[in-house]
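Scroll down for the structure; my scribbles are underneath it.
Just so it is clear, the values below take in all heavy atoms, side chains as well, and ignore hydrogens, waters and symmetry mates. Since the structure is predicted, the reported quantities are computational estimates derived from the model, not experimental observations.
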There are 2 protein chains.
Amino acid sequence: MDRTDRTDALVSHLRANHFATMTELAEELGVSVRTVRRDIADLRLRGLDIEGERGRGGGVRFARLAPLPPLQLDESQVVGLWLSVQLARRATGLPFSEDSGAGLNKVLAALPEARRQKLRQLYGRIAVGAPASPRLRDSAGEMCPSLIDAFERCFSQETCLSFTYRDRFENMTQRRIEPHGILVQPPVWYILAIDVDKSAQRMFRMDRISNPRPFSRPFVPSRAVVHEMVEEIPGVSAPKL
Amino acid sequence: MDRTDRTDALVSHLRANHFATMTELAEELGVSVRTVRRDIADLRLRGLDIEGERGRGGGVRFARLAPLPPLQLDESQVVGLWLSVQLARRATGLPFSEDSGAGLNKVLAALPEARRQKLRQLYGRIAVGAPASPRLRDSAGEMCPSLIDAFERCFSQETCLSFTYRDRFENMTQRRIEPHGILVQPPVWYILAIDVDKSAQRMFRMDRISNPRPFSRPFVPSRAVVHEMVEEIPGVSAPKL
DNA sequence: ACGAAATAGGTCAGTATCTGTCCTATTTCT
DNA sequence: AGAAATAGGACAGATACTGACCTATTTCGT
């Protein structure tokens, strides 16, 4: 019986018998009391709520097997968490950033498979890059405040978006696009889209967009489009296909 | 990350992402491919139904999803999620970043009250600032790879840390400190500490620290210390008192 | 038909981890 | 007081884990 089996057995025994002394557990598991003590300390570190009663007649028990209320996260909340974690993990060397990935995976794992599948498709359309260069950052202007809402809706619901775009020569044009993906280079981001009038791939910087209006024409999002538009850009981790 | 954490993370990752190659898993978990192979073999022995698809384009996945384990996030995983979300929310205007805060709150709400309290104390000691200025970023050097582990442990367990510090005049000194807080200005971070030999508050930049060694002297973390050291710095949201 | 990319797993040396033994401190009941 | 518990520090020896290297096999795309 290796360590993993043993901690497994320890948890089962405590669940089944509700209360035990370390000495009893040690005999049950065939190891020394000191080892049981260490195993319990480990389980506590992992967040299991085991309470010890000191003194004569004492022992250990599960404090309260509180069935956690099921997580009711909606789609954009999970995508938000996902994006936050991806951004933090690009800055290697931050404390706790490795653990955030593991934490996110546990949250995702707790969702029903059907939602997980939908979510995988959503963040498969998001490309995360390094933070914007100082020059880019300085050139970034104010974003139209209604853009986020409009964009999030169209991106998730797979419908088209129209807006007025100001290109780098200050020309204003009307665009109607299918928002297939986004590229995030904080604090700047781009919509990776197909312009339905030109039938061509285009990138739109968020601060050059004004007067966004969703419209109800549906499209089929393509990760391939996202992948293709992004793969040449250095420092960007393209989503898997 | 020990073996147990790793197999945990492995299962979560597979549940969350549905499909992965051994190589991806190895990178995600920071171990060799051979070790991932062994972990997967172990999990199979334990009865988890993981199927492997051979050949080009192959990978591993759960054949039949094992019953959901209850959401068991450990402390540093929650702190990691929290920090990621705070950082993302500072970059206002990113899509989905508002929702990430709501999502995080739901995750926190699903934890037992006792842990929530401990966690509030932990992230009450973390100050989040704007990303580092280009000059600061360029001057930042490599961080000692063992620092993160040592620091995370001392920070959470409320014990002291000693290390060699190189100040901005390149003087090397031995320090013994109480790590009360951190200030994060990605990708740079500082330990906000009390130097126990000088009995004075000091900030230590993470890339100037070498040879970190935890030692078992406990201290009582003070949010006031963190607050005081950080309140003069522009662009930093100090934790509430 | 071939090569590239996967899973699968054997072997071995070095190291990191775990375990038991022996402590001390503290709490609680009799 | 004293006995019976939890809690956990220190240390040496045993154990297991890990990475490097290797081979076999399957599968896909060109």
Side-chain angles (χ1 to χ4, degrees), chain A residues 1-10 13-14 17-46 48-63 224 227 240-241, chain B residues 1-10 13-14 17-46 48-63 118 145-146 149-150 153-154 156-160 162 213-219:
Chain A
M1 181 181 275
D2 69 1
R3 209 179 105 91
T4 319
D5 287 328
R6 198 177 58 227
T7 37
D8 251 28
L10 207 164
H13 190 91
L14 264 189
N17 294 20
H18 195 243
F19 194 80
T21 66
M22 299 279 199
T23 314
E24 285 164 8
L25 290 168
E27 275 164 24
E28 174 79 18
L29 302 170
V31 291
S32 71
V33 175
R34 188 67 185 87
T35 297
V36 173
R37 242 173 247 302
R38 274 190 282 242
D39 286 347
I40 299 241
D42 275 3
L43 290 170
R44 281 177 173 145
L45 269 185
R46 290 166 169 287
L48 273 72
D49 211 353
I50 297 171
E51 68 184 15
E53 282 182 18
R54 295 177 150 222
R56 188 169 186 160
V60 287
R61 60 154 60 100
F62 276 113
H227 201 269
K240 281 180 301 188
L241 280 183
Chain B
M1 181 180 273
D2 68 3
R3 209 180 105 91
T4 321
D5 287 328
R6 197 178 59 226
T7 36
D8 231 40
L10 206 163
H13 189 94
L14 266 188
N17 292 10
H18 194 240
F19 194 79
T21 67
M22 300 278 196
T23 313
E24 285 163 8
L25 290 169
E27 270 164 30
E28 172 81 16
L29 303 170
V31 292
S32 71
V33 174
R34 187 65 185 87
T35 297
V36 173
R37 246 172 243 301
R38 274 190 283 243
D39 286 348
I40 298 243
D42 277 3
L43 289 170
R44 281 174 173 148
L45 271 184
R46 277 165 199 292
L48 274 75
D49 206 353
I50 298 170
E51 67 184 18
E53 282 182 18
R54 295 175 152 224
R56 187 172 187 155
V60 288
R61 61 157 53 104
F62 276 112
K118 179 82 203 304
S146 61
D149 240 40
R153 195 152 82 244
C154 293
S156 313
Q157 292 179 3
E158 306 174 0
T159 53
C160 292
S162 76
R213 278 156 311 160
F215 67 101
S216 53
R217 171 161 147 184
F219 70 96

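In this structure, CG of A/Asp5 is placed 14 Å from C1' of D/dA16, rounded to the nearest angstrom. In this structure, A/Leu43 places its CG atom 14 Å from P of D/dG8, rounding to the nearest Å. We find that CD of B/Glu53 is positioned 10 Å from P of D/dT27, with the value rounded to whole Å. Atom C1' of nucleotide C/dA8 and atom CZ of B/Arg44 are separated by 9 Å, given to the nearest angstrom. When the P atom of D/dG8 is taken as reference, atom CD of B/Glu158 falls 13 Å away, rounded to whole Å. With rounding to whole Å, A/Arg61 atom CZ is found 12 Å from D/dT6 atom P. The separation between A/Leu14 atom CG and D/dT6 atom P is 11 Å, rounded to whole Å. When rounded to the nearest whole Å, the span between CG of B/Leu10 and P of D/dT18 equals 12 Å.
Between B/Arg213 and B/Ser162, some side-chain heavy-atom pair lies under the 4.5 Å cut-off.
Side-chain atoms of A/Arg44 come within 3.5 Å of backbone N or O of A/Ile50 as a donor-acceptor pair.
Here B/Arg46 pairs with A/Asp2 in a salt bridge; the nearest charged N to carboxylate O distance falls below 4.0 Å.
When all heavy atoms of B/Phe19 and B/Glu24 are compared, the pair lying nearest together is O-OE1, 4.5 Å.
Within the structure, salt bridge (charged side-chain N to carboxylate O under 4.0 Å, His left out) contacts touching residues 28-37 of chain B (residues at least two apart or in different chains) are A/Arg89-B/Glu28.
In terms of phosphate contacts, A/Arg37 brings no side-chain nitrogen or oxygen within less than 4.0 Å of OP1 or OP2 of D/dA5.
Among B/Leu43, B/Leu25, B/Thr21, the single residue meeting the side chain to side chain contact (heavy atoms under 4.5 Å, CB included) criterion with B/Val60 is B/Leu25.
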Quiz item: In B/S/- notation, 5' to 3', how is nucleotides 18-27 of chain C contacted by protein heavy atoms closer than 4.0 Å?
Solution: SBBBB---BB
